Amino acid sequence: MASRRVKIAPSILAADFSRLGEVVRETEAAGADYIHVDVMDGRFVPNLTIGPPVVAAIRSHTSLPLDVHVMTVEPERLVGDLVRAGGDIITVHWEAAAHLRRTVHLIKELGARAGVAINPATPAAMLVKALPDLDRVICLTVNPGYAGQSLIPSVLPKVRQLRSLIDHGGCAAELEVDGGLRVDNAASLVQHGGDVLVAGAAAYAEGKSVAERIAALRAAIDGASVA
């Protein structure tokens, strides 16, 4: 596998929503590669977050690609509105999409990149048939629903397995690792095969600026051995 540039996708869910536009602009200025947007319905996961109107508001404050992670039942009902709101990458869950291939193709027909996410307990092999159609795979390293959780170490071998499936299957999808990122585990996530690291508290916790936190993550990533 050729060397790759690992990207950082700060999860806006962990930011201060009272100054959302300002934080989005700060995040872009700090050198983020994506803005990660978690859409949750309170049904597929216990938390209830945001929908297309907030995605549109975020879009108005940044030129970065919006990496929209849809954690809802019947995700196909939302993807059109999310693309029209400015979502560039729309990722739905394998566990939630009753007609996964149809939903992936709908996202692409609407002009966005399509991804599929899997929960910690879902085997990597469940994505084999879908991989040729995908632009993004998200491996959840926490149980979805809330920010600030600790990474589940037993999921790391699955990250490596997904890396192998993508590379040996001739798939161009980016492998995104989502959940529990810290400066002290960022290198490990890269070494296991992550192309994109989602940063929640690692980007937005109090005490340091977004720029300082992203710079620390970059330093950790640059120090990792990437195949």
Side-chain angles (χ1 to χ4, degrees), residues 4-13 32-41 43-45 49-56 58-59 62-120 122-141 144 158-159 161-179 193-198:
R4 64 191 194 277
R5 179 182 180 273
V6 178
K7 300 175 183 177
I8 296 174
S11 174
I12 204 69
L13 182 62
D33 298 287
Y34 299 108
I35 300 291
H36 186 84
V37 185
D38 290 309
V39 176
M40 307 181 191
D41 63 357
R43 295 176 63 198
F44 179 67
V45 294
T49 58
I50 64 176
V54 179
V55 173
I58 294 169
R59 173 80 287 158
T62 183
S63 62
L64 289 177
L66 298 188
D67 174 25
V68 183
H69 181 185
V70 184
M71 287 173 269
T72 72
V73 299
E74 300 181 320
E76 65 277 5
R77 295 168 63 91
L78 270 179
V79 296
D81 287 339
L82 290 169
V83 173
R84 287 186 285 272
D88 297 283
I89 308 165
I90 309 295
T91 299
V92 301
H93 266 261
W94 179 88
E95 301 86 358
H99 302 285
L100 184 64
R101 187 172 185 273
R102 182 190 303 170
T103 303
V104 166
H105 281 262
L106 173 61
I107 293 167
K108 292 192 167 191
E109 288 166 7
L110 291 166
R113 286 178 276 170
V116 173
I118 54 175
N119 287 337
T122 301
M126 296 296 99
L127 289 186
V128 169
K129 291 184 178 180
L131 281 176
D133 293 327
L134 301 183
D135 304 296
R136 168 66 49 86
V137 171
I138 297 182
C139 183
L140 270 292
T141 45
K158 187 167 71 174
V159 178
Q161 186 179 3
L162 287 166
R163 174 83 271 155
S164 179
L165 289 172
I166 290 169
D167 292 341
H168 294 100
C171 173
E174 289 185 314
L175 176 55
E176 181 169 295
V177 185
D178 184 355
D195 292 310
V196 182
L197 306 184
V198 176

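Every heavy atom of this structure was used, including side-chain atoms; hydrogens, water molecules and symmetry mates were not. Only a predicted model underlies this, so the values are computations on that prediction, with no experimental measurement involved.
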Between [X] and [Y], is any pair of side-chain heavy atoms under 4.5 Å apart?
X      : Y      : answer
Lys108 : Asp135 : yes
Asp88  : Arg59  : yes
Asp38  : His36  : yes
Leu165 : Cys171 : no
Met126 : Pro123 : yes
Val198 : Ile138 : no
Leu162 : Ile118 : yes

Subject >> His69 and Glu176 side chains, donor-acceptor separation under 3.5 Å >> reply: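 No, no side-chain donor-acceptor pair sits under 3.5 Å.
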Original post:
Taking Ile89 as the fixed residue, which of Asp67, Val68, Leu66 is the one that meets the side-chain contact (heavy atoms from CB on, under 4.5 Å) rule?
Top reply: Asp67
Original post:
Rounded to the nearest 0.5 Å, how far apart are CG of Leu175 and CG of Asp167?
Top reply: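 Result: 9.0 Å between the selected atoms.
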**OP:** Please answer whether the main-chain N or O of Ala9 pairs with a side-chain N or O of Asp33 as donor and acceptor at a distance below 3.5 Å.
**Re:**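 Such a contact is absent between Asp33 side chain and Ala9 backbone.
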Original post:
Where do Val137 and Leu134 come nearest, in terms of heavy atoms and distance?
Top reply: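 Scanning both residues, the minimum pair turns out to be CG2-CD1, 3.9 Å.
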**OP:** Might you point out which heavy atoms bring Pro132 and Lys129 nearest each other, and give the distance in Å?
**Re:**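 Looks like CD-O, 3.5 Å.
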**OP:** Just do the side-chain contact (heavy atoms from CB on, under 4.5 Å) check on Leu100 and Val92 with the steps written out, would you?
**Re:** CA-CA 8 Å; Leu100 184 64; Val92 301; 4.0 Å; yes
Subject >> Ring geometry between Phe44 and His93 (parallel below 30°, tilted from 30 to 60°, perpendicular above 60°) >> reply: tilted
